[in-house]
Amino acid sequence: MKTLLKNGWVIDVFTGEKGKADVLMEDDRILKTGLIDPAQADQVIDVTGCFICPGFIDSHIHIESTMLAPAEFARACVPHGTTAVIADPHEIANVCGTVGIDYILEASEGLPLTVYVMLPSCVPATPFDESGAALNAADLEPYYDHPRVLGLGEMMNYPGVLGKDPEVLAKLKAARDRGLPINGHAPLLSGEQLEQYIAEGIGDDHECTSFEEAKERIEKGQRVMIRQGTAAQNLLDLIDLLDEPWASRCLLASDDKHPADLLEKGHLDHMIRMAAAEGKDPVAAIRMATIQTAEYFGLKNIGAIKEGYQADVLVLEDLDRLILRHAFHKGIQTVKEGQLLDFSAPVLPEKTDAAVRGSFQLRKLVPEDFHIPHTGTHACRVIELIPGQLLTKEWITPIDFDKANGVDPERKILKLAVIERHGKTGNTGLGFLAGTELKEGAIASSVSHDSHNLIVLGTNEEDMALAGNRLRELGGGCISVRNGRILAEMPLPIGGLMAERPAEVMAQQNQKLRESVELLGAPESSEPFMPMAFMSLAVIPHLKLTTLGLVDVDQWKIVPLLAE
């Protein structure tokens, strides 16, 4: 079937120019552009005054972090112009091992957007935590033959790279020998250490939080993924990367984004609108989200409106608001007059489905599990949040253990716990987190990067135990409680990370959780769950908490709570 888009303005992502032209698609390919006789087409769509551009490609995302099963993720993203994502399934792989990779590949087959996969390089992410599985280079080897596997996912274990860990180097070599891209993750790494890291074939980074950090990476040959998610919001700090000579070396990524934000704000289209609002050329951002991503990942004939290219095509009403009128994925219309067209989700093999749903194996908790066995006042290490960042600070401050076991809401100091939930050790790490506004109650989540043990933040031990035990009953999820009563909950039975409910339902539950924390004293529209989820990720400086205790990321070692 031949479909003709008539009278549009085509964005040339190779030159950045816009020219009036028609676009003729046949099956999954663009057949012709220019002035085209409607008689050549089976279907003609008048797009007068609209802009035609390639579909958007997210250069780095964890589908699990949207808390949506892949089909529901597609329902949320396709209406925002996304036609492909580069997904790293290291969240569910840390829970379920290779079954987690199988799940993402099988559950994304045949969707109205293409889910490419970068193989998870760090399962587990560090030696300072306990995940549900461990994957070595040999475990990853068979997956390189899959047509949607593009390379090796983010190498978070940069100390392992710098220290020449044999298993880390084996994973890097396997991808490098195949000429495949390797994603980076090395926040604040600089100078000779950054050069050593890059020398192993690591070609990009999505952790830049300042222009100077991004500039160094580009000057040393890497590409920079500009990230705007729910927890990490770096676009405005990196906005000057939208100008040359930097723009051509940049891609757009969401990394981690909650369903409420996907539905309310959008996906990559939200980033392009933000760039335009800052006075930057939206075409520069579109190029980052299309051809520049496609070429970096070696995707042939994808990401442009040119003859022979895959017919992933968007029709936009304007370039500032980026209102999507029509979308096509491999030549099949997926959005018509702004409305998503229906599609079917793939049916999972029973073995895969059972494995991901039976992964939450938490022991029953009691309030005493959350008690720190100290008395008196001591100088302690406290994790301090940095708003809008995944980086944290180490704050050494006096803690009075005789008063609420150290909890001090007036100073915004709450108790933080990370509890092993894979049915192995039951270990519990305890510490303090500063920077949230909760005055009472507790919140908990089975989403805690990257080992995804149970993480609980609270003001009292009874509510913390209640929150954890309720998630045990649900098989994972997010929850808020106060005075022994559940305020809101969001079940996540797939690996303790995702659910198959419609994106709209998930967004409503997501929003109710956000609203419920206002009852605990948090400011309106605050989002403590996503930042909390990263407080156990011991590859992002400077201080984090895992099941084994506090981790000084800079020194790459466990440190005691007491700083005396």
- Chi angles and distances behind the side chain to side chain contact (heavy atoms under 4.5 Å, CB included) call for I61, D255: CA-CA 4 Å; I61 189 172; D255 197 6; over 6 Å; no
Between [X] and [Y], does at least one N-O distance fall below 4.0 Å, as a salt bridge requires?
{"X": "K171", "Y": "E141", "result": "no"}
{"X": "R363", "Y": "D369", "result": "yes"}
{"X": "E473", "Y": "K364", "result": "no"}
{"X": "K173", "Y": "D177", "result": "yes"}
{"X": "E109", "Y": "R148", "result": "yes"}
{"X": "D145", "Y": "R178", "result": "no"}
{"X": "K424", "Y": "E130", "result": "no"}
{"X": "E489", "Y": "R470", "result": "yes"}

- Message: Taking NZ in K557 as the centre, count heavy atoms belonging to other residues, nucleotides or ligands within less than 6.0 Å. Is the count above 12?
- Response: no
Is the closest side-chain donor-acceptor distance between [X] and [Y] under 3.5 Å?
{"X": "D58", "Y": "H267", "answer": "yes"}
{"X": "S248", "Y": "Q292", "answer": "no"}
{"X": "D269", "Y": "H80", "answer": "yes"}
{"X": "H542", "Y": "D554", "answer": "yes"}
{"X": "H206", "Y": "E154", "answer": "yes"}
{"X": "H449", "Y": "S536", "answer": "no"}
{"X": "D450", "Y": "N94", "answer": "no"}
{"X": "D102", "Y": "Y143", "answer": "yes"}
{"X": "T547", "Y": "E420", "answer": "no"}

- Query: Run the salt bridge (charged side-chain N to carboxylate O under 4.0 Å, His left out) check on E200 and K164 step by step: do they pass?
  - Reply: CA-CA 10 Å; E200 293 296 336; K164 304 290 186 183; 3.3 Å; yes
- Message: Under the criterion side chain to side chain contact (heavy atoms under 4.5 Å, CB included), I'd like the reasoning laid out for R381 against F432: C-alpha separation, chi angles, the key distance, then a yes or no.
- Response: CA-CA 8 Å; R381 293 178 173 87; F432 295 102; over 6 Å; no
- Residue of the set T114, T82, T83, D28 for which side-chain hydrogen bond (donor to acceptor under 3.5 Å, both in side chains) holds with H329: T114
Is the shortest heavy-atom distance from the side chain of [X] to the side chain of [Y] under 4.5 Å?
{"X": "F529", "Y": "R514", "result": "no"}
{"X": "W395", "Y": "L433", "result": "no"}
{"X": "R421", "Y": "V95", "result": "yes"}

How close do [X] and [Y] get, heavy atom to heavy atom, and via which atoms?
{"X": "P541", "Y": "K544", "result": "O-NZ, 3.4 Å"}
{"X": "G431", "Y": "L545", "result": "N-CD2, 3.8 Å"}
{"X": "A355", "Y": "V99", "result": "CB-CG1, 3.6 Å"}
{"X": "V78", "Y": "T334", "result": "CG1-OG1, 3.6 Å"}
{"X": "S446", "Y": "L454", "result": "N-CD1, 4.4 Å"}
{"X": "A87", "Y": "P89", "result": "O-CD, 3.6 Å"}

Just verifying a value: how many Å separate [X] [atom1] and [Y] [atom2], rounded to the nearest 0.5 Å?
{"X": "E106", "Y": "D353", "atom1": "CD", "atom2": "CG", "result": "10.0 Å"}
{"X": "I558", "Y": "D129", "atom1": "CD1", "atom2": "CG", "result": "8.5 Å"}
{"X": "E384", "Y": "L391", "atom1": "CD", "atom2": "CG", "result": "12.5 Å"}
{"X": "T436", "Y": "L414", "atom1": "OG1", "atom2": "CG", "result": "4.0 Å"}
{"X": "L189", "Y": "L194", "atom1": "CG", "atom2": "CG", "result": "5.5 Å"}
{"X": "T428", "Y": "I372", "atom1": "OG1", "atom2": "CD1", "result": "11.5 Å"}

- Pair T209-L390, side chain to side chain contact (heavy atoms under 4.5 Å, CB included): steps then yes or no: CA-CA 9 Å; T209 57; L390 304 185; over 6 Å; no
- Message: Could you walk me through whether F56 and C77 satisfy the side chain to side chain contact (heavy atoms under 4.5 Å, CB included) test, starting with their C-alpha distance in whole Å, then the side-chain angles of each, then the deciding distance to 0.1 Å, before giving a yes or no?
- Response: CA-CA 10 Å; F56 302 143; C77 292; over 6 Å; no
- Can you check whether L188's main-chain N or O pairs, donor with acceptor, with E213's side chain at less than 3.5 Å? yes
- Message: Determine whether a donor-acceptor pair (N or O, by modelled atom type, separation under 3.5 Å) exists between the side chain of D204 and the backbone of G184.
- Response: yes
- Task: Indicate the ring-plane relationship of Y158 and W556, choosing parallel, tilted or perpendicular according to the 30° and 60° boundaries.
- Result: tilted
- Task: Dump the intermediate steps for salt bridge (charged side-chain N to carboxylate O under 4.0 Å, His left out) on R501 and E72, then the final yes or no.
- Result: CA-CA 7 Å; R501 291 183 300 280; E72 295 305 324; over 6 Å; no
- Message: Go through it in stages, so that I can follow the logic: the residues are H371 and E461, the test is side chain to side chain donor-acceptor pair (under 3.5 Å), and I'd like the CA-CA distance, side-chain angles, deciding distance and then a yes or no.
- Response: CA-CA 7 Å; H371 189 78; E461 295 159 9; 2.9 Å; yes
- Aromatic ring proximity W246/F211, centre distance under 6.0 Å: yes
- Task: Starting from the C-alpha separation in whole Å, work towards a yes-or-no answer on side chain to side chain donor-acceptor pair (under 3.5 Å) for Q228 and H270.
- Result: CA-CA 9 Å; Q228 186 74 10; H270 174 55; 4.9 Å; no
- Message: Under the criterion salt bridge (charged side-chain N to carboxylate O under 4.0 Å, His left out), I'd like the reasoning laid out for E295 against R223: C-alpha separation, chi angles, the key distance, then a yes or no.
- Response: CA-CA 12 Å; E295 289 185 340; R223 284 164 173 87; over 6 Å; no
- Distance under 6.0 Å and angle within 45° of the ring axis: does R75 meet both against F343? yes
- Task: Quick one: do E207 and R227 satisfy salt bridge (charged side-chain N to carboxylate O under 4.0 Å, His left out)? Show the steps, please.
- Result: CA-CA 8 Å; E207 291 292 333; R227 174 176 59 185; 2.9 Å; yes
